[in-house]
Amino acid sequence: MSKIEMKTPLVEMDGDEMTRILWQMIKDELLYPFIDLKTEYYDLGLEHRNETNDQVTIDSAEATKKYGVAVKCATITPNAARMEEYDLKEMWKSPNGTIRAILDGTVFRAPIIVKGIEPCVKNWKKPITIARHAYGDVYKSVEIDVPGPGTAELVFTGEDGTVLKETIHNFKGQGVLQGQHNLDDSIESFAKACFAYALDQKQDLWFATKDTISKKYDHTFKDIFQEIYEADYKDAFEKAGITYFYTLIDDAVARVMKSEGGYIWACKNYDGDVMSDMISSAFGSLAMMTSVLVSPTGVYEYEAAHGTVQRHYYKHLKGEETSTNSVATIFAWSGALRKRGELDKLPELMEFADKLEQACIKTIEDGKMTKDLALITSMSNPTVLNSRDFIVEIRHTLEGML
Ligand code: NAP
Ligand code: MG
């Protein structure tokens, strides 16, 4: 069988620990045998980030802007323990944070649905994708412990001398205070990324805030979404047969629980933080989630939603067997290959991406899976495979489909 040709390289961002081991196995077993794989390789493993003073992370993000599609392995975000373990020059920032800042992106996360790994919510038949705004609100807030009686005011002093003032509260005793902000630019980028992704996925877009209570703050989010929708996306949505739906956050939560899924749910920063954990645990596991960063200019970076699976890596280093689930990392590759195929008009590459995903799902549905899934499956007597054998089994399934 001749290998599938590629035109433009993918930006390949290698990573750390167990996921770095899986990364190589995936390329060897599932990609090289079938594709004439073209990538521009960036090693985001912590050692190399340290050697390059983290320049490699910046370079990889710039390359993503240039080529349009990247695939990223999970990476270590350094903390005090990692400083020592890797003898780091500095506590380098989270690569995901650096890349997100350069691409100005929004992260979309969706569960991978498999028969036998049933969501806790019975009526969820299709994935629910969460789009989380990643700037501001409580994550960039300032807080004061109010020591006793006094007046709290909200004051804005413009560069031109304009002063806007509101009394927050006349305290009679002790209490607490918090100041939050967001930026129109950031909300606009978020809105555009959501509308563009909904069109790309041909799925309805839901958005919700508490604008009845927060008449300026949350209302600004609602208004910006509505203005951008009317101006730039309404026609395209109508043509694609999808809808934009705004409601109150409490109404949204109630509707989500009753829905059958199959839409994108745009969330403000805090809502997205909380709801994405609820959605992923209700659907099964982080190892069965896809994650893609989409910039407002339409640049895509695909990754797994989980980390580097450190505990498994240490077992691997000791020569012990591991049973680490590679599905999310494989789906990062298939997502990137499909997008590359779409941009370069390579239907064969897109078809391969579809088959690779189907092969993962079929392998699990045939009862062959890693330990994390065996623990939660409703199937009786699943076959538990080690990290490599699971990937090899997916290869057998894939070969049967090609
Ligand atoms: P983690 O890598 O997500 O793993 C936490 C636990 O979840 C594992 O010990 C394992 O449970 C289970 N797990 C996660 N992924 C799995 C998979 N594919 N297959 C089977 N089980 C899986 O989180 P962590 O151990 O807290 O973090 C390790 C490193 O990852 C940290 O240095 C952190 O900075 C980094 N991180 C990176 C990213 C990213 O690059 N996107 C995201 C999060 C964390 P059991 O041990 O019970 O089997
Ligand atoms: Mg969280």
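The basis for the numbers below is simple: all heavy atoms, side chains too, and nothing from hydrogens, waters or symmetry mates.
Partners of Met83 by side-chain contact (heavy atoms from CB on, under 4.5 Å), not counting sequence neighbours, listed by chain and number: Leu88, Met91. Residues meeting the side chain to side chain donor-acceptor pair (under 3.5 Å) test with Thr64, sequence neighbours left out: none.
Atoms CD1 and OH, on Ile249 and Tyr270 in that order, are 10.5 Å from each other to the nearest 0.5 Å. Here the CD1 atom belonging to Ile26 is positioned 8.5 Å from the CG atom belonging to Leu356, to the nearest 0.5 angstrom. Rounding to the nearest 0.5 angstrom, the gap separating the OG atom in Ser387 from the CE atom in Met25 is 6.0 Å. A distance of 10.5 Å separates CD in Glu5 from CG in Leu349, rounded to the nearest 0.5 Å. Atom CD1 of Ile113 sits about 9.5 Å away from atom CD of Glu118, to the nearest 0.5 Å.
Between Phe225 and Tyr244, the ring planes lie parallel to each other; the angle is under 30°, not in the 30° to 60° tilted range. Aromatic ring pairs are classed by plane angle as parallel below 30°, tilted from 30° to 60° and perpendicular above 60°; the pair His316 and Tyr313 is parallel. Between His169 and Phe171, the angle of the ring planes goes over 60°, which puts this pair in the perpendicular group of the 30/60° scheme. Between Phe190 and Phe207, the ring planes are perpendicular. Angles over 60° get that label, and only those under 30° would be called parallel.
Among residues at least two apart or in separate chains, there is no salt bridge (charged side-chain N to carboxylate O under 4.0 Å, His left out) pair with a member in residues 139-161.
The residues Asp200 and Lys339 are annotated as salt-bridged, a charged nitrogen and a carboxylate oxygen being separated by less than 4.0 angstrom.
For Arg388, the CZ atom is loosely surrounded, since the number of other residues' heavy atoms within 6.0 Å does not exceed 12.
Side-chain N/O atoms of Glu303 and Ser291 include a donor and acceptor closer than 3.5 Å. The closest side-chain donor-acceptor pair between Tyr135 and Asn182, if any, does not fall under 3.5 angstrom. Under 3.5 Å, the side chains of Thr151 and Asn170 contain a donor-acceptor pair of N or O atoms. Looking at Thr98 and Thr57, their side chains never bring a donor and an acceptor atom within 3.5 Å of each other. Using a 3.5 Å distance cut-off with no hydrogens or angles, the side chains of Asn269 and Asp137 do not pair a donor with an acceptor.
With a 4.5 Å cut-off on side-chain heavy atoms, Tyr41 and Asp14 count as touching.
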